[in-house]
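See structure below.
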Amino acid sequence: MKLMKAGITAAVATMLFMAPAAQAGETLDAVKARGFVQVGINGSLFGFGMPDDKGVWHGLDVDTARAVSAAVFGDPDKIKYIPLTAQTRFTALQSKEVDVLCRNATRTLSRDTELGLNFVTVNYYDGQGFLIPTKLGVKSAKELDGASVCVLPGTTTEQNVADYFRANNMKMKPVVIEENTELNQAFFSGRCDVLTSDASQLAGIRAVAPNPADYEILPQIISKEPLAPAVRHGDDQWRDIVDYSVLAMIAAEDMGITSANVDEMLKSTDPNVQRFLGVTPGNGKALGLDEKFAYNIVKMVGNYGEVFERNVGVNTKLQIKRGLNAQWKDGGLMYAPPFK
Amino acid sequence: MTQHQTTASPGKHPAAIPFWRDPDKLGIIYQALALCLVSLFGYYIFSNTQANLARQAIATGFGFLDNEAGFEIGEKLVQYSAADSYARALAVGVLNTLKVSLLGIVLTIALGIIVGIARLSTNWLVSRLAAIYIEVLQNIPVLLQLFFWYAIFHDTLPMPRMSWNPLPGIFFNNRGFYYPIPESHPVHPWMLGALVAAMVFGYFLKRWAKERQDRTGQIFPVGLSITGLILGLPLLTWLFGGTPTALNVPELSGFNFRGGLNFSPEFCALLLGLVLYTSAFVAEIVRSGIQAISKGQTEAAMSLGLRPNRILTLVILPQALRVIIPPLTSQMLNLTKNSSLAVAIGYPDFVSVANTTINQTGQAIEGVALIMVVYLFISLVTSAFMNWYNKKKALVER
């Protein structure tokens, strides 16, 4: 909470004093001169961006950032992680405190325009849902009329849940608590009947419940939350680099290239694979990167499927199925354009 | 200054002094320079911000206030729904802040005076208890106290279905404290009118009693008669207005109670935390104010034959108030400003609503500016009122 206030103050102050100007190529040059990428990250969201007990960062968003670093430096760990709250994240990006924001942020029209941001390819398709104690016996979100609803502020969450209750002619009492841990505690002690947030976050909260089996996620998903990395307006080259770093992971899975077999794939006779891995040059130069950028991403970070399963998949504490995040040929939405 | 002029030019015309040696003119020049620098700095900040925002194509201005807010607020004193505008949502937030601040200030002053006087009590136990209260509560950060009270409220109170029900119609549970209110009836506005009439009458009664006491020395039981008036007149109106007894009783329906009124756990925790914390400071202020009055005053009053509680109300407190009011004002301001910690425990105060607005509109600068203006306004009004009160209570030298 204090952190968030300090963050807002810092962000506003930066906005007041910041030196002007941003041009194409500028971000890449600045990042290279600095020697590392500054990444805005969640910092406390298990499976997406959180350091472990040894201080090593893990998560889907972390691996997305590592892909960018691998593409730019040929080393996935030239990164300075800057944990940001939901309130401070966009201002931090606008005021150049970070080069790229990988912080489970939903792409929306107003953020893409009024906030001066560019969202790139979605790295996780999420949606807002409800977590509810099983003992209440509620089977559908439509039975929630009159419920007290715990809401984590700082996203589109409050608006979505209000819209849903309005659309279904139901009443609700929101309890909006700033801090994740305080909110979880209030919910687990029964202050609210139901907790609403993005389904991925609900899985994380359920995982830390005193007894996870006492809680279930209702089937209704009430919003579209395409979570994507974001960059500033005004530097198209940097935008392309971040975009194709995400797409390289998706394309690699599509082509069956994994971190384990990528060296073998260098010998592949498939011209698409040759172009993708930089055996046939062109892609790297077009982006202003090393020709082996995609090879580096797959070798050092992995393809999208590996990254997903490692961080949030069914064998992790979150136990999330691929669903919308499966490849297009498996009925999901993950689809990369040709790398040529 | 006058000395300077006379010594610098004995006999000569004073206009002969060059301006750089005239402290009067130099003073004006320095002030003008300082003003210029400050305005230039302000202009630089303003135009740079504008330029940065424009370059990043970030929307500016307060136009968003008219847009539909689209979020719900848990507690409200006026009608509000998600379909209302941001301006109205923010107004709901301001009212919530004022509600907790006003109630908090009244309770804090009452509790602070009691503890402060208890601290001076000759009874060893009472005085020690008050000392412990003060030392413990004023030395724990208020945010921690809020977390503590909130955890107590939501962890120890039962679920709505198992509410604690001490009296019919009154329920305590982890959703709040629910109590019945009278069903609305045409006699209620009349009762309110009777209350106002009683207060006005009481004011004139007090003036008359004081004037009579000054003239004849006879004491009129003002406190008792005003209490009687304030309770009696509305009660009489109620009796003659048909004695409606129907109550709007809270009832469990679905997840929560409906009907009646309630205080939420967030509100209770915030109010309790702020009042206990601030009253510890007020107690110290009251104690120091009373101790600032020399013992001779008490002794003189005793020798006149006044009873101890009359000495306190007629001799000590009126003089002590002069010492107490200025620091008391800053504690009232502290309480109001600390109420912005509400956001940590989920009470929808102004900062909480403004935060949501900032998140949804992305207009952080406007939002933060609004927060600053509102708190500044509340603080200036409080302080203006207290200054007026201070002047009124100040010692009138005769």
Side-chain angles (χ1 to χ4, degrees), chain A residues 1-2 4 8-9 11-12 15-22 86-88 90-91 94-95 110-111 113-116 136 143-151 153-156 158-159 161-163 165-166 172-179 182-183 185-186 189-194 232-234, chain B residues 44-46 48-49 51-53 55-59 69-75 81-83 143 147 150-151 153-160 173-175 253-256 258 264-266 340-341 343-348 351-353 355-356 358-365 367-369:
Chain A
M1 223 279 312
K2 284 270 163 58
M4 163 243 137
I8 285 200
T9 321
V12 169
M15 192 66 80
L16 302 181
F17 288 103
M18 187 171 98
Q87 278 91 359
T88 55
F90 299 129
T91 345
Q94 290 159 351
S95 56
S110 65
R111 288 174 179 178
T113 52
E114 286 173 333
L115 292 195
L136 285 184
E143 300 165 26
L144 289 175
D145 191 14
S148 292
V149 183
C150 276
V151 190
T155 52
T156 44
E158 287 159 278
Q159 210 167 3
V161 69
D163 285 352
F165 275 76
R166 259 160 97 190
M172 64 173 275
K173 267 194 172 263
V175 180
V176 182
I177 301 182
E178 186 90 10
E179 197 81 35
E182 273 301 308
L183 182 81
Q185 218 183 354
S189 72
R191 169 63 186 94
C192 309
D193 301 299
V194 52
R232 276 182 296 280
H233 270 178
Chain B
Y44 167 74
I45 291 211
F46 181 76
N48 198 20
T49 310
N52 278 328
L53 291 173
R55 202 191 63 251
Q56 291 166 349
I58 299 173
F71 62 92
E72 280 288 346
I73 299 179
E75 286 174 60
S81 79
L143 183 62
F147 283 144
Y150 189 44
F153 275 108
H154 67 60
D155 270 339
T156 56
L157 288 171
M159 298 291 289
N173 57 50
N174 64 8
R175 304 294 159 81
S253 84
F255 292 99
N256 285 306
R258 288 193 188 175
S264 72
E266 291 80 24
S340 65
L341 293 170
V343 73
I345 56 167
Y347 177 69
V351 174
S352 168
V353 176
N355 270 344
T356 308
I358 292 175
N359 294 329
Q360 288 187 189
T361 60
Q363 294 186 272
I365 293 182
V368 173

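In what follows, chains are A, B, ... by sequence order, proteins preceding strands, each numbered from 1. Small disclaimer: the values here were computed from a predicted structure and weren't measured.
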Checklist entry - Going from CZ on A/Arg166 to CD on B/Glu72, what distance comes out if it is rounded to the nearest 0.5 angstrom? => result 8.0 Å
Next on the checklist: Between A/Val176, A/Asp193, A/Ile177, A/Val175, who has the most heavy-atom pairs with chain B when the cutoff is under 4.5 Å?
Outcome noted: A/Asp193
Checklist entry - Which pair of heavy atoms, one from B/Thr361 and one from A/Leu115, lies closest together, and at what distance? => result O-CD2, 4.2 Å
Next on the checklist: At a heavy-atom distance under 4.5 Å, which candidate from A/Glu143, A/Glu182, A/Met172, A/Gln185 has the highest pair count against chain B?
Outcome noted: A/Glu182
Checklist entry - What residues form a side chain to side chain contact (heavy atoms under 4.5 Å, CB included) with B/Ala369, not counting sequence neighbours? => result none
Checklist outcome for this item: The ring pair (Phe, Tyr, Trp, His ring centres under 6.0 Å) partners of B/Tyr150 (sequence neighbours excluded) come to B/His154
Next on the checklist: For the CG atom of B/Asn173 and the CZ atom of A/Arg191, what is their distance to the nearest 0.5 Å?
Outcome noted: 9.0 Å
Checklist entry - Where the side chain of B/Arg175 meets the backbone of A/Gly190, is there a donor-acceptor pair that is under 3.5 Å apart? => result yes
Checklist entry - From A/Phe90 CZ over to B/Ile358 CD1, what is the distance, rounded to the nearest 0.5 angstrom? => result 13.5 Å
Checklist entry - Does any heavy atom of chain B fall under 4.5 Å from the side chain of A/Leu183, the backbone, both, or neither of them? => result neither
Checklist entry - chain A: which of B/Ala83, B/Ala69, B/Pro160 shares the most heavy-atom pairs with it under 4.5 Å? => result B/Ala83
Item to check | Positive for side chain to side chain contact (heavy atoms under 4.5 Å, CB included) with A/Ser189, one of B/Thr156, B/Leu157, B/Asp155 | outcome: B/Asp155
Checklist entry - For B/Ala151, is it the side chain, the backbone, both or neither that has a heavy atom under 4.5 Å from a heavy atom of chain A? => result neither
Next on the checklist: For A/Ala162 versus B/Ala82, what's the shortest heavy-atom pair and its separation?
Outcome noted: CB-CB, 4.1 Å
Next on the checklist: So for B/Phe46, is it side chain, backbone, both, or neither that comes closer than 4.5 Å to the heavy atoms of chain A?
Outcome noted: neither
Checklist outcome for this item: dist B/Thr356:OG1 -> A/Glu158:CD (nearest 0.5 Å) comes out at 4.0 Å
Checklist entry - Side chain, backbone, both or neither: which part of A/Cys150 has a non-hydrogen atom closer than 4.5 Å to chain B? => result neither
